[in-house]
Amino acid sequence: MEKFQQSMYDLIVETSTKLPKDVRRAIARAKVRENAGTRAAMALNTIVENIQMADENVSPICQDTGLPTFKIKVPVGVNQIEMKKAIRAAIVEATKNGKLRPNSVDSLTGKNSGDNLGEGVPVIKFEQWENDYIDVRLILKGGGCENKNIQYSLPCELEGLGRAGRDLDGIRKCILHAVYQAQGQGCSAGFIGVGIGGDRSSGYELAKEQLFRPVDDVNPIEELRQLEEYIMENANKLGIGTMGFGGESTLLGCKIGVMHRIPASFFVSVAYNCWAFRRMGVKIDPATGEIIEWLYQDGEDVDFAKELEKAEAAAALEQGDTRVIDLVPPLSEEQVRQLRVGDVVRISGVIYTGRDAIHKYLMDHDAPVDLNGQIIYHCGPVMLKDEEGRWHAKAAGPTTSIREEPYQGDIMKKFGVRAVIGKGGMGAKTLQALKEHGGVYLNAIGGAAQYYADCIKSVEGVDLLEFGIPEAMWHLRVENFTAVVTMDSHGNSLHEDVEKSSLEKLAQFKEPVFK
Ligand code: SF4
């Protein structure tokens, strides 16, 4: 097993930087569905360009490399203690080389361990089997989509759909509701794994297990095959679209599993995964630890030719009546009040990252820099220091903004911040502050970590590094950083509009379908 650590390192790097073939085909199908010239089409083009860049740079597809979760099947007699040690060593190395973001945080102190190790991290689950090889699967599922997982206890009342009973039709309603409630916050278009039955923990486990199924397999249980097909056909009618911008592609895959339950409980658990569906697997020789075969590699590959996509992205912007506005911070109130929902902005100049720890800190401390007229970017990048001590952004897409909802409006007013960039939109409190103070919310394309890292021309400084790399305030000089105005200073919110219209569409699925 002397090669096992190297095999695990290769598996981690491949999972973080290259989407498997079945996922690529699902994204290509979504692109065909989306109408050219729309914001959703532009977002999908950016996603495709980002996938291509991650392939070429062997860099993380998304900066949030999640909680690494390994599922391992071993023949009898294999030493699991040694395997665990090798996996942990491979995780440390991949983190050091910028293939994983340091993501393991002490839940009580908030301290980042810096190497992706910690109590319960990474997750490693073993199972014994009769085969003569080792099967290792890895999923890197980020926080944005993990936070949109949901569990239903049947019977229950669901917004837009009414009562969901303890039967197949009740399950159908739960799954549609799960897609609706995620909106664009989990970086749609997404994939869902559903677990029917079990208890609260085994139900979620079963749901996550479904994400390891190939996207284009067929469920062997006839009722579930029908339900998967029904969900794929109808969830895409909700009009949530890529990034929640509205559009035709909301769901890219649906896999449903079932287990027994106790009479008193009936759980439907849903694991939501973003478009950056990073899961991979290998077969390993138990004698040497070498990789015998890569999994999820069947079928046709999709070649997302970079130049073609770039041209399409530019064309998409030029179509229709989309305004494209160049911004150079600091921004004035007057400039910001001219921006409207739907405008595309291209930012050049210095922007400042800030996420959970920074927002909490700024509530009762001074800012380390003058933020008047500036732009805050909700982003926890992957950063590497070179031999001369200079920092470089290796992956730098937006993080989910709604977590900053309790702070954002107050911070904008307190420091004179004029714009925030993030993904998934923000709530009523921030919208009100944008109106009163004169500010905008700019939605960048979630998961497009390579695309945005490429816009970062230099790292000009960093403050509050003691919060850890993802949580520090990075000063980033960017060029042509593109985002869409989705909340403006006139009280308009694209997120509110899409949520409202998708709720109306959800109501058309109220009547029973599966008796
Ligand atoms: S694509 Fe979005 S939801 Fe997925 S890991 Fe990246 S930021 Fe999180």
Side-chain angles (χ1 to χ4, degrees), residues 12 15-20 23-24 26-27 30 40 43-51 53-54 59-69 99-105 116 138-150 178-179 181-193 208 211 240-245 249-253 270-280 353 355-356 377-382 393-404 421-426 442-453 470-471 483-484 486 495:
I12 294 163
T15 311
S16 174
T17 62
K18 199 162 185 190
L19 288 181
V23 174
R24 295 162 102 90
I27 292 173
L44 264 170
N45 273 316
T46 307
I47 284 171
V48 162
E49 198 178 329
N50 184 74
I51 295 169
M53 292 168 85
S59 289
I61 295 160
C62 176
Q63 75 289 339
D64 186 353
T65 52
L67 176 68
T69 303
K99 309 299 180 189
L100 293 176
R101 184 176 73 180
N103 247 8
S104 174
V105 173
N116 262 315
L138 168 63
I139 187 165
L140 301 173
K141 186 172 184 290
C145 57
E146 183 67 15
N147 292 346
K148 297 317 290 185
N149 290 358
I150 188 164
V179 177
Q181 61 86 41
Q183 291 288 308
Q185 288 169 14
C187 289
S188 56
F191 298 80
I192 50 172
K208 220 168 198 179
L211 295 174
I240 295 165
T242 306
M243 290 301 122
F245 285 171
S249 296
T250 300
L251 194 65
L252 302 176
V270 182
Y272 187 94
N273 207 105
C274 53
W275 67 262
F277 186 16
R278 291 153 294 170
R279 62 107 170 81
M280 194 61 85
T353 66
R355 43 183 274 164
D356 309 62
Y377 182 21
H378 296 160
C379 170
V382 177
K394 305 306 282 180
T399 192
T400 310
S401 299
I402 196 71
R403 297 196 307 270
E404 315 318 334
I421 311 169
K423 58 120 174 151
M426 304 196 71
L442 307 171
N443 203 120
I445 311 306
Q450 290 307 308
Y451 179 86
Y452 288 114
E471 297 284 346
V484 181
T486 53
H495 309 282

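The structure displayed is predicted, hence computed values, not measured ones. The basis for the numbers below is simple: all heavy atoms, side chains too, and nothing from hydrogens, waters or symmetry mates. As the structure lists them, so they are numbered: ligands from 1, and atoms in each ligand from 1.
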> By number and element, which atoms of ligand 1 are closer than 4.0 Å to a non-hydrogen atom of K423?
Replying inline: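 Result: 2 (Fe), 3 (S), 7 (S).
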
> Short list, please: which atoms of ligand 1 are under 4.0 Å from a heavy atom of R278?
Replying inline: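 Every atom of ligand 1 under 4.0 Å from some heavy atom of R278: 5 (S).
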
> Which residues pass the side-chain contact (heavy atoms from CB on, under 4.5 Å) test with V484, sequence neighbours left out?
Replying inline: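 side-chain contact (heavy atoms from CB on, under 4.5 Å) check on V484 returns R39, M42, F245, V344, T486.
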
> Looking at residues at least two apart in the chain, or sitting in another chain, which of them share a side-chain contact (heavy atoms from CB on, under 4.5 Å) with T250?
Replying inline: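 side-chain contact (heavy atoms from CB on, under 4.5 Å) list for T250, sorted by chain: V179, N236, I240.
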
> Under 3.5 Å, is there a donor-acceptor pair between the side chain of S188 and the main chain of G241?
Replying inline: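 Checking the backbone N and O of G241 against the side chain of S188, a donor-acceptor pair under 3.5 Å is found.
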
> Judged by atom type as modelled, is there a donor-acceptor pair below 3.5 Å linking the side chain of N273 to the main-chain atoms of I192?
Replying inline: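 Pair absent, no side-chain N/O of N273 close to backbone of I192.
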
> In terms of side-chain heavy atoms, does K423 have a donor or acceptor partner in S401 at a distance below 3.5 Å?
Replying inline: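 No - no donor-acceptor pair under 3.5 Å links their side chains.
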
>> R278: which residues meet the salt bridge (charged side-chain N to carboxylate O under 4.0 Å, His left out) condition with it, sequence neighbours left out?
In response: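 For R278 there are no salt bridge (charged side-chain N to carboxylate O under 4.0 Å, His left out) partners, ignoring immediate neighbours.
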
> Relative to atom 4 (Fe) of ligand 1, how many protein N, O or S atoms have a separation of less than 2.8 Å?
Replying inline: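 Count of protein N, O, S atoms less than 2.8 Å from atom 4 (Fe) of ligand 1: 1.
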
> Looking only at heavy atoms, which two atoms of I445 and Y452 are closest? And how far apart?
Replying inline: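 The answer is N-OH, 3.0 Å.
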
> Is it the side chain (CB and beyond), the backbone, both or neither of Q185 that lies under 4.0 Å from ligand 1, heavy atoms counted?
Replying inline: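 No part of Q185 is near ligand 1 at this cut-off.
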
